[in-house]
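Note: hydrogens, waters and symmetry copies are ignored here, and every other heavy atom, side chains too, is used. First the proteins, then the strands, lettered A, B, ... as listed; each starts at 1.
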2 protein chains.
Amino acid sequence: MLRLTKKADYGLMALKYLAEQAQCPSASQPISGAASAKAIADAYHIPPQLLAKILQTLAKAGLLVSHAGTNGGYALARDAHDISAFEVIRAIDGPLFITSCITIHGTCDLAGHCTIKEPLRKVNDSITDLLSKLRIADLIEHADHPPDAALAGGLVTIAR
Amino acid sequence: MLRLTKKADYGLMALKYLAEQAQCPSASQPISGAASAKAIADAYHIPPQLLAKILQTLAKAGLLVSHAGTNGGYALARDAHDISAFEVIRAIDGPLFITSCITIHGTCDLAGHCTIKEPLRKVNDSITDLLSKLRIADLIEHADHPPDAALAGGLVTIAR
DNA sequence: AGAAGCAAGACTCATTTGGTCGCATATTGT
DNA sequence: ACAATATGCGACCAAATGAGTCTTGCTTCT
C-alpha cells in the first residue's frame with residue numbers, strides 16, 4: 001500500500017515536537033529544547049516504550065542528541081531546517097525502495113527477468129528527492145506563512 | 001519501507017508484456033494482442049496462479065479485458081499510453097496513502113493528535129501525481145528514444 | 001466431449017509491524 | 001550516598017499483512 005510505518009510517523013511527530021521546543025527553550029534543561037520520551041509520548045498519546053525505542057534509533061542515526069538523568073531527554077542534533085523527512089524515515093524504516101527489484105546490492109530478485117526496474121528506479125529517485133526537500137521545520141505550521149513553501153519550490157507541481 | 005508489493009510489481013510487468021504484444025498482434029487471437037496468464041507467468045518466472053489472480057483483479061478494475069476458453073487470455077482494455085502506473089498499483093494494492101493518518105474518510109487514527117498529516121498529504125499527492133504521469137507505454141524500452149521522456153517532462157528533476 | 005483458459009474463494013505459511021517487558025547504565029538533586 | 005529520573009538495549013509476543021497454493025466451477029473453441 002506504499003505507506004510509511006507508524007514508527008516513522010511517530011518519529012516525524014516527535015521531531016516536530018522537539019523543533020517546536022527548540023523555538024522557546026527553557027533554561028532549566030541540560031540541553032536546550034530538550035524533552036523526555038515520556039513527555040512527547042504523552043503529548044501525542046503514543047505508547048511511551050515504543051517511542052523511546054524510536055528516539056533511540058534516531059539518536060544513534062545522529063539526528064538527535066540524548067541526555068540521561070533527571071531533566072534529561074532528547075533534542076535535535078541540528079537545526080530543524082537541516083533535517084529532512086527522508087533522513088528520519090530512512091533511519092527508522094531502513095533504506096526505502098519502491099520496488100522489491102531494487103535492493104541494496106542493485107540486484108533484482110527476479111534474476112534478470114524483471115523488466116520494469118529502470119523506470120521505477122527513476123520514480124524511486126524522485127520520491128527520495130521529494131522527501132529530502134521536506135524539512136522538519138516545514139512540518140511546523142506557521143499562522144503567517146503557509147507550510148506549502150517547501151513543496152512548492154519549483155520541484156513538483158501539486159495537482160488539485 | 002515505502003515499497004510496492006510484489007503483486008503490483010507483477011501486475012506492471014504483465015501490463016508491459018501485454019503492451020508489447022499489442023504492438024505486433026497475431027491474427028489468430030480472439031482479442032488482438034492477447035496472452036494467457038500462464039504465458040506471461042512463464043515469460044517472467046512468476047508463480048502462475050498468483051499472476052492469474054492479479055490479472056483477474058486488473059480485469060475487474062477495467063484495465064484489462066479477458067476472454068475465456070481456448071486461445072483466450074487477457075489484453076489491455078485501453079491503449080498503453082492511456083493506462084497509468086497509478087491505476088495499476090491502486091487496483092492491486094488498494095488506495096495508497098503514505099501515512100496511516102490519511103484514511104479514506106480523511107480521519108486520523110490518532111484522533112486529532114496527529115500534527116503532521118497536512119504536509120504529508122501534499123507529499124502523498126505529489127507521489128500520486130508522479131505515478132499518474134507514468135504510463136504503461138513508458139515501461140517499454142525503445143532503442144531509439146529513451147524511456148525517460150515521461151519523467152523528464154518538467155514535472156520532476158531527477159537527482160544524480 | 002474434452003482441452004484450454006478464466007473466475008473466485010478458502011486456506012496456508014512466512015514476514016513484518018506494533019507493542020511490551022525487564023534489566024542495565026548514566027545523570028542529577030537532595 | 002542514595003533515590004529518582006532518564007536513556008540503552010535485547011528479548012519477546014501477538015496481530016496484520018503479504019505471498020503463494022489448492023480446489024472447484026464456468027466459458028469457449030475444436
- Quick one: which of C:dT17, C:dG5, D:dT5 gets closest to the side chain of B:Ser36? C:dG5

- In terms of side-chain heavy atoms of B:His67, which of D:dT7, C:dC21, D:dC29 is nearest? D:dC29

- Is the backbone N or O of B:Arg135 less than 3.5 Å from a side-chain atom of B:Asp138, with the two atoms forming a donor-acceptor pair by type? yes

- Nearest to side-chain heavy atoms of A:Tyr74, which nucleotide of D:dC29, D:dC9, D:dT7: D:dT7

- Task: Assign B:Lys53 to base, sugar-phosphate, or nothing according to its heavy-atom contacts below 4.0 angstrom with the strands shown.
- Result: base

- Take atom CZ of A:Arg3 and atom C1' of D:dT17, then tell me their distance rounded to the nearest Å. 9 Å

- Using atom CE of B:Met13 as one end and atom P of D:dA19 as the other, report the distance to the nearest whole Å. 14 Å

- Item | Which nucleotide in D:dA19, C:dG19, D:dT21 has an atom nearest any side-chain atom of A:Pro47 | C:dG19

- What nucleotide, of C:dT17, D:dT28, D:dC22, holds the atom closest to the side chain of B:Gln49? D:dC22

- Whole angstrom is fine here: how far is it from CG in A:Leu64 over to C1' in D:dG8? 14 Å

- Message: Which is more 5' along DNA chain D, the nucleotide nearest A:Gln56 or the one nearest B:Ala8? Just name the residue.
- Response: A:Gln56

- What integer distance in Å separates B:Asp9:CG from D:dG20:P? 11 Å

- Message: Apply side chain to side chain contact (heavy atoms under 4.5 Å, CB included) to residues B:Leu76 and B:Leu63 and explain how you reach the verdict.
- Response: CA-CA 6 Å; B:Leu76 298 184; B:Leu63 299 179; over 6 Å; no

- Note on the structure: Quick note, B:Ser66 side chain, CB onward, closest among C:dA7, D:dT7, C:dA4 is C:dA7

- Task: Let me know the distance between CG of B:Leu55 and C1' of C:dG5, rounded to the nearest Å.
- Result: 12 Å

- Task: Would you indicate what B:Ala52 reaches in the nucleic acid, counting non-hydrogen atoms under 4.0 angstrom: base, sugar-phosphate, or nothing?
- Result: nothing

- Closest approach of B:Ala52 to B:Tyr74 (non-hydrogen atoms, all atoms of both residues): O-OH, 4.1 Å

- When you measure from the side chain of A:Ala68, which nucleotide among D:dG20, D:dT7, C:dT17 comes out closest? D:dT7

- Item | Check: B:Leu139 and B:Leu15 side chains under 4.5 Å, non-hydrogen atoms | no

- Distance (rounded to the nearest 0.5 Å) between A:Leu18 CG and A:Leu55 CG: 7.0 Å

- Atom CD1 of B:Ile92 and atom C1' of D:dT17: how far apart are they, to the nearest Å? 16 Å

- Query: Atom NZ of B:Lys60 to atom P of C:dA8: distance rounded to whole Å?
  - Reply: 5 Å

- Message: Is there a side-chain contact between A:Tyr10 and the phosphate of C:dG19, meaning an N or O under 4.0 Å from OP1 or OP2?
- Response: yes

- Message: Measure CD1/B:Ile40 against C1'/C:dG5 and give the value in whole Å, please.
- Response: 13 Å

